[in-house]
Amino acid sequence: MKSDNLHIIDPVETSLARDYILKWGVKNQRSFNWRLSNSSYEIFISEFLLHRTRAGQVSEIYDFFIQRYPNFESIAETTKSNLREDLKTIGLNWRIDALYDCALRISRDYRGILPLDKTTLLSLPGVGEYIASAVVCFCIGSIEPVLDTNIVRFIGRFYGLKITDSSRRNKRFKEFILQFLKTKNPRQLIYYIIDFAFAVCTPSKPKCTSCPIKTVCNFGSGGGIRK
DNA sequence: CTCCCGGTCG
DNA sequence: CGACCGGGAG
């Protein structure tokens with residue numbers, strides 16, 4: 001029987017699940033070129049393009065885009081219509097405008113070098129908490145509350161938290177993911193969680209019966225979502 | 001916290 | 001239709 005204290009982080013269960021995810025990730029992680037990059041520009045671009053867009057979709061144009069636009073200046077020097085043409089397969093025109101404006105500002109105000117503090121990142125158009133946190137974590141290696149829809153679903157189910165539309169900005173979810181990411185390589189673990197949530201802890205019909213952490217998971221062990 | 005928005009794909 | 005490695009406004 002689990003503790004009656006709701007929403008208390010169990011360090012043992014967290015540690016067990018983390019170890020399982022790390023093990024699972026080694027064999028089952030997806031391979032994307034942007035995950036191998038340590039360039040702040042490429043990391044920023046990839047997160048920007050992944051905004052509300054499937055990873056498989058982005059992967060089809062990612063190499064082409066980085067080659068054509070190797071830095072922020074090259075984006076700032078083209079036209080919005082060129083940029084739209086080169087990104088038309090992934091859509092979301094407002095995002096393309098935002099990317100263009102980001103490139104202008106970074107070129108003009110920061111000499112083309114992406115500032116790596118969250119406050120400045122958040123001031124850029126189209127950059128919210130997820131992208132700012134992910135960029136800082138991936139570039140510097142610090143532990144940040146990176147909460148995309150996949151990670152929110154995973155954290156919510158695992159700890160038995162009610163998942164709502166605002167969970168990604170919920171203070172409790174942030175605390176839980178920060179705790180979960182307390183490893184030497186949070187970036188890698190984030191990728192693993194995302195892939196795990198994509199393949200096993202899916203939105204509909206999660207594969208709980210074959211899930212490696214069902215015994216310590218609130219959802220998979222039959223606890224369901226506690227209020 | 002709630003709601004709306006967006007282009008594309010499975 | 002729901003979902004996508006969310007952001008912005010209210």
Side-chain angles (χ1 to χ4, degrees), chain A residues 21 24-25 28-37 40 42-62 65-66 80-81 83-102 105 118-139 143-157 161-175 177-178 180-181 185-207 227:
Chain A
I21 295 295
W24 182 93
N28 300 289
Q29 68 172 315
R30 290 178 293 176
S31 172
F32 296 115
N33 284 344
W34 55 82
R35 291 186 172 184
L36 305 173
S37 175
S40 62
E42 293 178 14
I43 289 171
F44 179 86
I45 292 296
S46 60
E47 292 307 326
F48 215 96
L49 299 186
L50 284 163
H51 184 165
R52 290 300 262 176
T53 308
R54 291 173 208 284
Q57 230 176 313
V58 175
S59 67
E60 291 177 9
I61 59 123
Y62 178 74
F65 188 87
I66 292 298
K80 273 192 183 180
S81 115
L83 201 57
R84 272 207 192 81
E85 182 62 24
D86 290 333
L87 289 175
K88 64 179 179 184
T89 59
I90 60 171
L92 297 182
N93 285 326
W94 66 266
R95 170 177 62 179
I96 297 173
D97 289 343
L99 176 60
Y100 189 75
D101 293 337
C102 280
R105 281 188 49 185
K118 288 173 79 172
T119 306
T120 308
L121 287 169
L122 286 169
S123 73
L124 296 170
V127 176
E129 287 190 50
Y130 169 78
I131 293 180
S133 296
V135 165
V136 170
C137 172
F138 296 170
C139 290
I143 295 174
E144 306 290 338
V146 178
L147 288 170
D148 74 291
T149 52
N150 287 305
I151 300 179
V152 162
R153 185 174 62 254
F154 171 77
I155 291 294
R157 283 176 178 167
L161 301 170
K162 188 179 180 184
I163 300 171
T164 71
D165 191 46
S166 62
S167 292
R168 68 180 190 269
R169 296 166 193 165
N170 182 276
K171 184 181 178 184
R172 190 177 301 128
F173 274 78
K174 291 182 184 176
E175 291 169 355
I177 187 59
L178 287 175
F180 201 91
L181 290 179
N185 193 342
R187 179 182 182 183
Q188 182 185 62
L189 182 53
I190 287 168
Y191 291 151
Y192 287 178
I193 298 173
I194 289 173
D195 289 348
F196 183 79
F198 174 81
V200 179
C201 197
T202 50
S204 56
K205 298 179 181 177
K207 301 165 178 60
K227 178 64 177 60

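Since this is a predicted model, take the numbers as computed values, not measurements. To find a chain, count down the sequence lines: A is the first, B the second, and so on, and within it residues start at 1.
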### Query
By side-chain hydrogen bond (donor to acceptor under 3.5 Å, both in side chains), which residues pair with A:N170, not counting sequence neighbours?
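Expected list: none.
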
### Task
Count the heavy atoms of every other residue, nucleotide or ligand shown that sit under 6.0 Å from CZ of A:F198, and state whether that count exceeds 12.
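No, the 6.0 Å shell around CZ holds no more than 12 heavy atoms from other groups.
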
### Query
Earliest and latest nucleotide of DNA chain C, 5' to 3', sitting under 4.0 Å from a non-hydrogen atom of chain A?
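Boundary nucleotides touching chain A, in 5' to 3' order, are C:dG2 to C:dA9.
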
### Query
Which dot-bracket notation, 5' to 3', represents the base pairing of DNA chain C when pairs are defined as Watson-Crick or G-U with both distances under 3.5 Å, crossing pairs as [ ], and inter-strand pairs as |?
||||.|||||

### Query
How long is the span from the OG1 atom in A:T164 to the CZ atom in A:R169, to the nearest 0.5 Å?
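Reported to 0.5 Å precision, the distance equals 10.5 Å.
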
#### Entry: Spatial distance of atom CG (A:L99) from atom CG (A:L92) [nearest 0.5 Å]
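Result: 12.0 Å between the selected atoms.
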
Have a look at [X] and say if it touches a base, only the backbone sugar-phosphate, or nothing, with a 4.0 Å heavy-atom cut-off.
{"X": "A:F32", "answer": "base"}
{"X": "A:S166", "answer": "base"}
{"X": "A:D165", "answer": "base"}
{"X": "A:L147", "answer": "nothing"}

### Query
Between which nucleotides of DNA chain B, read 5' to 3', does contact with chain A run, using atoms under 4.0 Å from its heavy atoms?
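The footprint of chain A covers B:dC1 to B:dC9.
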
### Task
Using the C1' atom on both, measure B:dC3 against C:dC5 and round to a whole Å.
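Those two atoms are separated by 22 Å.
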
### Message
Using atom P in both nucleotides, what's the gap between B:dC9 and C:dG7 to the nearest angstrom?
### Response
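One P to the other, the span is 22 Å.
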
### Message
Which residue in the set A:F154, A:F173, A:Y192 passes ring-ring contact (aromatic ring centres under 6.0 Å, His included) when paired with A:F180?
### Response
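Only one option passes, and that is A:F154.
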
Which heavy atom of [X] sits nearest to which heavy atom of [Y], and what is that distance?
{"X": "A:A55", "Y": "A:L50", "result": "CA-CD2, 3.6 Å"}
{"X": "A:L147", "Y": "A:S167", "result": "CD1-O, 4.2 Å"}
{"X": "A:I96", "Y": "A:L87", "result": "CD1-CB, 3.7 Å"}
{"X": "A:G126", "Y": "A:I131", "result": "O-CD1, 3.7 Å"}
{"X": "A:L124", "Y": "A:C102", "result": "CB-SG, 3.8 Å"}
{"X": "A:E47", "Y": "A:F138", "result": "OE2-CE1, 3.3 Å"}

### Query
Starting at the 5' end of DNA chain C, which residue's closest nucleotide do you reach first, A:R153 or A:R169?
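First, find each residue's nearest nucleotide; the 5'-ward one identifies A:R153.
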
### Query
Which residues within residues 46-54 of chain A lie with some heavy atom under 4.0 Å of an atom in DNA chain B?
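Hits under 4.0 Å, by residue number: A:R52, A:R54.
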
### Task
Could you check which residues of residues 85-102 of chain A get a heavy atom under 4.0 Å from DNA chain B? Sort them by number, please.
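Contacting residues: A:K88, A:T89, A:G91, A:L92, A:N93, A:W94.
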
### Query
In residues 118-127 of chain A, which residues come under 4.0 Å of DNA chain C by heavy atom?
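Within this stretch, A:P125, A:G126, A:V127 sit under 4.0 Å of the strand.
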
#### Entry: Any donor-acceptor pair under 3.5 Å from A:R157 side chain to A:P206 backbone
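Side chain of A:R157 to backbone of A:P206, a donor-acceptor pair under 3.5 Å: no, none is there.
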
### Task
Mark yes or no for whether A:R153, through its side chain, and A:C201, through its backbone, hold a donor-acceptor pair below 3.5 Å.
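Indeed, once roles are kept as given, a pair shorter than 3.5 Å links the two residues.
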
### Message
Holding to salt bridge (charged side-chain N to carboxylate O under 4.0 Å, His left out), I want the full list of residues that pass it with A:E85, two or more places apart in sequence or in another chain.
### Response
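By the salt bridge (charged side-chain N to carboxylate O under 4.0 Å, His left out) rule, A:E85 matches A:K88.
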
#### Entry: Sequence neighbours excluded - side-chain hydrogen bond (donor to acceptor under 3.5 Å, both in side chains) pairs with any residue from residues 196-206 of chain A
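Those involving residues 196-206 of chain A do not exist here.
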
### Message
Listing request: all salt bridge (Lys or Arg N to Asp or Glu O under 4.0 Å) pairs with a residue in residues 91-101 of chain A, at least two apart in sequence or in separate chains.
### Response
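Every pair satisfying salt bridge (Lys or Arg N to Asp or Glu O under 4.0 Å) with a residue in residues 91-101 of chain A: A:K80-A:D97, A:R84-A:D97.
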
### Task
Mind jotting down which residue pairs meet the salt bridge (Lys or Arg N to Asp or Glu O under 4.0 Å) criterion with at least one end in residues 119-137 of chain A? Sequence neighbours excluded, please.
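Listed once each, the pairs are A:E129-A:K174.
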
### Counterpart residues, side chain to side chain contact (heavy atoms under 4.5 Å, CB included), relative to A:E42 (two or more places apart)
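A:E42 satisfies side chain to side chain contact (heavy atoms under 4.5 Å, CB included) with A:S37, A:S39, A:Y62, A:I66 only.
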
